[in-house]
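The next block holds one structure in the form of structure tokens; read it before the comments.
The figures that follow rest on heavy atoms only: side chains count, while hydrogens, waters and symmetry mates do not. In the text below, chain A, chain B and the rest are named by the order of the sequence lines, each starting its count at 1.
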Number of protein chains: 2
Amino acid sequence: MAEKRKRYLLSEDDIPRKWYNIQADMPNKPLPPLNPGTRRPMEAKDLYPVFACECCDQEMNQTDRWIEIPGEVREKYKYYRSTPLVRAYGLEEALGTPAHIYFKNESVSPMGSHKLNSAIPQAYYCKKEGVTNVTTETGAGQWGASLAYAASLFGLDAAVYQVKISYEQKPYRRSIMQTFGAQVTPSPSMSTRAGKDILTANPNCQGSLGTAISEAVELARTTPNCKYALGSVLNHVSLHQTVIGLEAEKQMEMAGEYPDMVIACFGGGSNFGGIAFPFMRHKIKGEEGKSHTRFIAAEPASCPKLTRGEFRYDFGDEAGYTPLLPMFTLGHKFAPANIHAGGLRYHGAGSIVSQLMKDGLMEAVDIPQLETFEAGCLFARAEGIIPAPESCHAIAATIREARRCKETGEEKVILFNLSGHGLIDMASYDKYLAGDLVNYELSDEALRKSLGKE
Amino acid sequence: MAEKRKRYLLSEDDIPRKWYNIQADMPNKPLPPLNPGTRRPMEAKDLYPVFACECCDQEMNQTDRWIEIPGEVREKYKYYRSTPLVRAYGLEEALGTPAHIYFKNESVSPMGSHKLNSAIPQAYYCKKEGVTNVTTETGAGQWGASLAYAASLFGLDAAVYQVKISYEQKPYRRSIMQTFGAQVTPSPSMSTRAGKDILTANPNCQGSLGTAISEAVELARTTPNCKYALGSVLNHVSLHQTVIGLEAEKQMEMAGEYPDMVIACFGGGSNFGGIAFPFMRHKIKGEEGKSHTRFIAAEPASCPKLTRGEFRYDFGDEAGYTPLLPMFTLGHKFAPANIHAGGLRYHGAGSIVSQLMKDGLMEAVDIPQLETFEAGCLFARAEGIIPAPESCHAIAATIREARRCKETGEEKVILFNLSGHGLIDMASYDKYLAGDLVNYELSDEALRKSLGKE
């Protein structure tokens, strides 16, 4: 039997030493965030009271193409990086496709997803500037668990506001955070003004990401030496995630191929940007043999900000406390359906991705929930890894393209990001296998209403 | 900052091509299994009706030192192997020890533990001899999930009898098995004679591994083209697991060190044998610089077969249906305490390990439950990986030795096997963090009784 190379790994020397800042190369730079009160453009220093200062500078940096990864951060990356680039022979065979399918396996991170790539530098920068406490919000808990671990690495105290319904329904991720010493509070809580107001009005409120963000930001603002950290949407988060694509680029070289398509699921844009931006720089520059690559964001049909949303300034949270960001949005009051891909239940896209979308450098597809779980089960049986419900969107989009290749006979090279595993989401698979999941339609009328058009 | 190498990985070419059969090198061979009816020694062919024939031959093979890994099995190993050898700088720092601590990270297997190393060849050999169905028992579900996945890889139908109390308490692992298409039945069930008899006598019986083994073996015996697979204890299972130690040996060479101690947790012996046997061959041969290594099995204080059991012939199951095996045992009627390391709740040790223990080539320690979880939490915070409750025993034993090094100032090299992660065992951590776990004492009186001495 001929031996086929299955996985590609880099030596520790080849783990990236710099992140790639696509802002420097964008034909049209993202528009600036606006102060919600004055509607005037904000500068990096306006964000210093909330985020680590270094992150604020990175957020606004439109000139430096490469930003050095601090040595201490790179040392912690070594605990799980490089992650494998894997040739999905099993999936190719199951589909009978001539396409060559590769995936970047971010699920091998100790916390089970790519989120750690940004949690580590955010905690590090906080530590470096003398901050002692970090706080954030989390839904299902992937981001909260990653920040809890990163905080423990650098000796910071972490306080996580977890959406109450998830706190109760997903006790495993809460336990993970607590094992790392984080203080986890179900949101809304009585510990903040924002939480108290909501609980006074509605004592049985089950919480939302929007509320949890408000609580965490309030805690950061009112606690000495405490800063807030966000797990997606913002530019500096995508920046940190480019380690994914930079590694993948070297690994694809080892495999002797270059992707015709790069696919990732899409919530706020961090795992998509992470794998896509390093490849997209060659497209922007028009490099030979590297300009044709398609970049495909796979979003839930019930939360289709890129395929059906509008490009405009909008708030990052439901209550409207955050700066106004230029984004493809479904409206900041949009209430996503109760799909199991909790990480994709967000109304808006990050500023960079929104601009790239507007400029035609990338595209998007939206996928119904049942198709994503069908894809996830097929992938699990073929490759042995149970994917996170979020990652199932990328797999479903990949399968659509691979089936197209089967029809046309084209040997296209597809690379997708496996952003996380689903071992802590088995209750969702249970429901799918029992036939208890449904697709959610988003009517034009509901969308118009959410966008404030009636 | 000086760069330190954290993880060692092998290229796919360097994944082992042969398993190491320690039986060929043992100074005293293990005694043969005995027919439970006639008490006469059994041969490989006597086991053919139950296990894959190739596995039966491997079980009894006392002459061939190296046994070739079939190409198809090696291809599937590539889906997750080599697993990383990791230098535990974080743990060393947390302990302030001069010891060099390494661990082999088997938790990165898609099913989260080392069990897949034997599930793949067992399913492969079944497929190769024309078997269409495999069956097994499982407690917490690590082994059942691995066999379910391996069966799906080779197109076999899998039926898993899961101990009823685990089936209900650990729904995630049941869902994983079902995602891979396995039929999972809570045991005792009405689908077998053995199950019916038990349920008739006690309709509320919550099941045990002993009962589930009886049901699975009965199914294999009464179903055409169906064979049974076991996840530990037997010689061929340890044989398959030697990929762990063979890889680790090459990886320790890359690190420029040789272990002074090799440590693994101990249930039936498969993960212990897997990491220990390849290193032990140098000790048996008396090779220079490699004869001093200590091999330490870490078992639960409440289930101390190696430290407090007796060496004698005993049954592998509670009911006494299996062949009699020469083993260190607590008595086959021993009822282990309800510790959270489900994989270590077994009364006996495999024949090879029992003989090695008798011959002084290895040693054992037993560790109370609370110490294991304390060690697991310390490890999680230092290395970012939440260990399985079973693996916590190896970590606790490692920490004891590393603290001894701190006292003596010795720079000893310790290698332990991280047999699995604990992401699906967070309910156990929850209980530990809440102070709801206890240590279980095993009184001399209870032990004498279990060994039939009164």
Turns out that what part of A:S82 lies under 4.5 Å from chain B's heavy atoms comes down to backbone

I need the A:E383 CD to B:Y149 OH distance, nearest 0.5 Å.
7.0 Å

Ignoring hydrogens, what is the shortest heavy-atom contact between A:P110 and B:G384? Give both atom names and the distance.
CB-O, 2.8 Å

Return the OH to CG distance between A:Y172 and B:D425, rounded to the nearest 0.5 Å.
7.0 Å

Check each atom of B:L433 against the heavy atoms of chain A and say whether the ones under 4.5 Å are side chain, backbone, both or neither.
side chain

Does a sphere of radius 6.0 Å around NZ in B:K431 hold more than 12 heavy atoms from other residues, nucleotides or ligands, not counting ones at 6.0 Å or beyond?
no

Among the options A:Y89, A:Y79, A:F180, A:Y429, pick out the one with the most heavy-atom pairs lying under 4.5 Å from chain B.
A:Y79

Side chain of A:R7, backbone of B:S11: donor and acceptor closer than 3.5 Å?
no

How far apart are the C-alpha atoms of A:M426 and B:I424, what are their side-chain angles, what is the distance that settles it, and do they pass the side chain to side chain contact (heavy atoms under 4.5 Å, CB included) test?
CA-CA 10 Å; A:M426 290 314 300; B:I424 309 187; 5.6 Å; no

Any donor-acceptor pair under 3.5 Å linking the side chain of B:K4 with the backbone of A:E75?
no

Please classify the contact of B:A382 with chain A as side chain, backbone, both or neither, using a heavy-atom distance under 4.5 Å.
backbone

Quick one: does any side-chain atom of A:R381 pair with a main-chain N or O of B:T179 as donor and acceptor, under 3.5 Å?
yes

Chain B contact via A:A150 - which portion, at a heavy-atom distance below 4.5 Å
neither

A quick test of your reading: do over 12 heavy atoms of other residues, nucleotides or ligands sit less than 6.0 Å from CD of A:Q183?
no

Has A:E12 got a side-chain atom pairing as donor or acceptor with B:K6's backbone, closer than 3.5 angstrom?
yes

Is it the side chain or the backbone of B:R173 that comes within 4.5 Å of chain A heavy atoms, both, or neither?
neither

Chain B: which of A:I176, A:V108, A:L9 shares the most heavy-atom pairs with it under 4.5 Å?
A:I176

dist A:Y432:OH -> B:Q178:CD (nearest 0.5 Å) comes out at 14.0 Å

May I ask you to check whether over 12 heavy atoms, not counting those of B:E168, lie within 6.0 Å of atom CD?
yes

So which of A:C377, A:S109, A:A380 has the largest heavy-atom pair count under 4.5 angstrom toward chain B?
A:A380

Out of A:D13, A:I385, A:L423, return the one with the most heavy atom pairs under 4.5 angstrom to chain B.
A:L423

Option in A:H421, A:K78, A:R174 with maximal non-hydrogen atom pairs under 4.5 Å from chain B
A:K78

